[in-house]
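Contents: one structure, followed by commentary.
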Protein chains: 2
Amino acid sequence: MSQTVDRALSILPLLAQGPADLGQVAERLGVHKSTALRLLRTLHEHGLVYRQEDQRYRLGARLFALAQEAVENLDVREIAHPHLVALNDRCGHTVHLAVYEEQEVLYIDKVESRYPVRMYSRIGKPVAITVAAVAKLLLADLTEPERRTIAEKLDYPMYTSRSTPDAAAFLKELTVVREQGWATDLGGHEESINCIGAPIRGADGRVVAAMSVSAPNVVVTAEELLTLLPLVRRTAETISREYSGTNRPKKV
Amino acid sequence: MSQTVDRALSILPLLAQGPADLGQVAERLGVHKSTALRLLRTLHEHGLVYRQEDQRYRLGARLFALAQEAVENLDVREIAHPHLVALNDRCGHTVHLAVYEEQEVLYIDKVESRYPVRMYSRIGKPVAITVAAVAKLLLADLTEPERRTIAEKLDYPMYTSRSTPDAAAFLKELTVVREQGWATDLGGHEESINCIGAPIRGADGRVVAAMSVSAPNVVVTAEELLTLLPLVRRTAETISREYSGTNRPKKV
DNA sequence: AATGGGTGTTGCATATGTTGCAACGAACTT
DNA sequence: AAGTTCGTTGCAACATATGCAACACCCATT
């Protein structure tokens, strides 16, 4: 592992919290100011860091562009997108697509609700991993020891009274999800919002992504939302088939 | 400038084009495989790079999370957001917010159209700088020599027959925009889409961001869209006032 | 005006960290 | 079983990043 690069990259999350000046960066990195300056300069040349008028540094434009290009190159997303739009056309609610990566679950696509009341979420935002339907689906597919390890490492914030309280409850929920092949989040993240989700599988049957439909109580009740389950599962299966088809060749 | 960091960061745009294996990365960087390996490992530890099952590398999750945090900390965006939503409530069309940074114009916020026909765009995506209304507004505020330098450096792709053809036309357009205090893009990027935009100014009167309303021909004609101009300008001015107010202290 | 604290910046010698090499191991082909 | 191709490791030689100290600059204070 490279020390210099390591230090340079440590600057990024630091600046994500808000702009900082040279001194602050140097201090928080534990290096001399001149060192921090050179690292920042290099980051700047690559556009990852921007220098605002007051000379303080903050994250730069290219970061967005990179994240952008990256997400557009995900083939699951590309295949799934039209189906998500079609689903949104039929039911009107917010549709999400998420993947699991390095201990995190994150949205990689979203089709906004057509109803005026919308939920807050954004592509790239890490998902509330202990309660979200898509998170349950993605984690449920891991091996038993993997699930165990992760479940123990997680925090279990009580967003609402119906949030998953601890590792034991979470593991149990994952088993249920694994067996039934779909998942819900009934007010576990925000009191008034319910979600139902289904897994998208690759050719080998492993879950490569998960999709969900979310709607606030004020638009449809949880029971009404559940009537959409067959539709959601069918959509997920259609995407799975298409993805497995195009992705058939094992070596690329 | 740091050579090691420079090399490591050069990997990112390379991977943005698509996944690559160790050998390809090493070759395109012009370094030994072992060197590339160590750089990739460091990037990996910071989550900027992800290793998929076939061992190839691609851009990683934390990149999204970083871009995410960064965009949420932009104070213009925070102040503007509710106003953009309110504007969308009144007219129903897509509303964009953009800033200029390091020779690029990029969207930092977006409220989706409530109409079924939507335009394609995404937060973080660089804007078609020669035609977009927001780009004209942001560039029009630069000094004359700056505008000239940039205008000459740009390419002028003819997205449609109404795209800005060359630097001369662009500079002329910028002068117009500068004087009238608002801008349009009538089918200059996509034949069927029109936009109108207005600038958001800081306490010193300089343009810090630009907003626009976009709608396809099939929903409203260009003339109808133009009737929204007063509303758009009022919204921009409201945001400007609020931004100048909270941002008053010159030194932070 | 002059002083002082606060920035960001530069040149330089030291030694630390990075580099490429060559050799190994694993997975897959022939 | 021999032969590819790819990722990985240890090591010695060198290049490179590092901290220091001094400088330049801006602003506030006296």
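We name chains A, B, ... by the order of the sequence lines, and we start the count at 1 in each one.
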Excluding sequence neighbours, so at least two apart, what forms salt bridge (charged side-chain N to carboxylate O under 4.0 Å, His left out) with A:R206?
A:D141
Going by salt bridge (charged side-chain N to carboxylate O under 4.0 Å, His left out), name the pairs with one or both residues in residues 24-45 of chain B, residues two or more places apart or in two chains.
none
Bend angle of the helix from C:dA1-D:dT30 to C:dT30-D:dA1, from helix axes over five pairs at each end, nearest 10°
30°
Enumerate the protein-to-nucleotides 5-8 of chain C contacts in which both atoms are nitrogen or oxygen and the separation is below 3.5 Å.
from: C:dG8; atom 1: OP1; to: A:L22; atom 2: N; distance (Å): 3.2
from: C:dG8; atom 1: OP2; to: A:G23; atom 2: N; distance (Å): 3.4
from: C:dG8; atom 1: N7; to: A:K33; atom 2: NZ; distance (Å): 3.1

Between B:S240 and B:E237, a side-chain donor and acceptor under 3.5 Å:
no
Excluding sequence neighbours, so at least two apart, what forms side-chain contact (heavy atoms from CB on, under 4.5 Å) with B:P157?
B:T130, B:D155, B:Y159
C:dG20 P sits how many Å from B:E27 CD, rounded?
14 Å
Does anything in residues 128-139 of chain B form a salt bridge (charged side-chain N to carboxylate O under 4.0 Å, His left out)? List the pairs, not counting sequence neighbours.
B:K136-B:E173
Set of side-chain contact (heavy atoms from CB on, under 4.5 Å) partners for B:A151, sequence neighbours left out:
B:Y156, B:A167, B:F170, B:L171
Show each protein N/O and nucleotides 17-19 of chain C N/O combination with a separation under 3.5 Å, one pair to a line.
from: C:dG17; atom 1: OP1; to: A:Q3; atom 2: NE2; distance (Å): 3.0
from: C:dT18; atom 1: OP1; to: A:S2; atom 2: OG; distance (Å): 3.1
from: C:dT18; atom 1: OP1; to: A:Q3; atom 2: N; distance (Å): 2.9
from: C:dT18; atom 1: OP1; to: A:T4; atom 2: N; distance (Å): 2.7
from: C:dT18; atom 1: OP1; to: A:T4; atom 2: OG1; distance (Å): 2.7
from: C:dT18; atom 1: OP2; to: A:Q3; atom 2: N; distance (Å): 3.2
from: C:dT19; atom 1: OP1; to: B:R7; atom 2: NH1; distance (Å): 3.1

Under the rule for side-chain contact (heavy atoms from CB on, under 4.5 Å), what residues qualify as partners of B:A209, not counting sequence neighbours?
B:V76, B:L97, B:V99, B:I200
Taking only residues two or more places apart in sequence or in another chain, which ones pass salt bridge (charged side-chain N to carboxylate O under 4.0 Å, His left out) with A:E144?
A:R148
Sorted by chain and residue number, the salt bridge (charged side-chain N to carboxylate O under 4.0 Å, His left out) partners of B:R233 (sequence neighbours excluded) come out as none
I'd like to check the side-chain contact (heavy atoms from CB on, under 4.5 Å) partners of B:A67; sequence neighbours left out, ordered by chain and number.
A:F64, A:A67
Tell me: CG of A:D54 to P of D:dC27, nearest whole Å?
13 Å
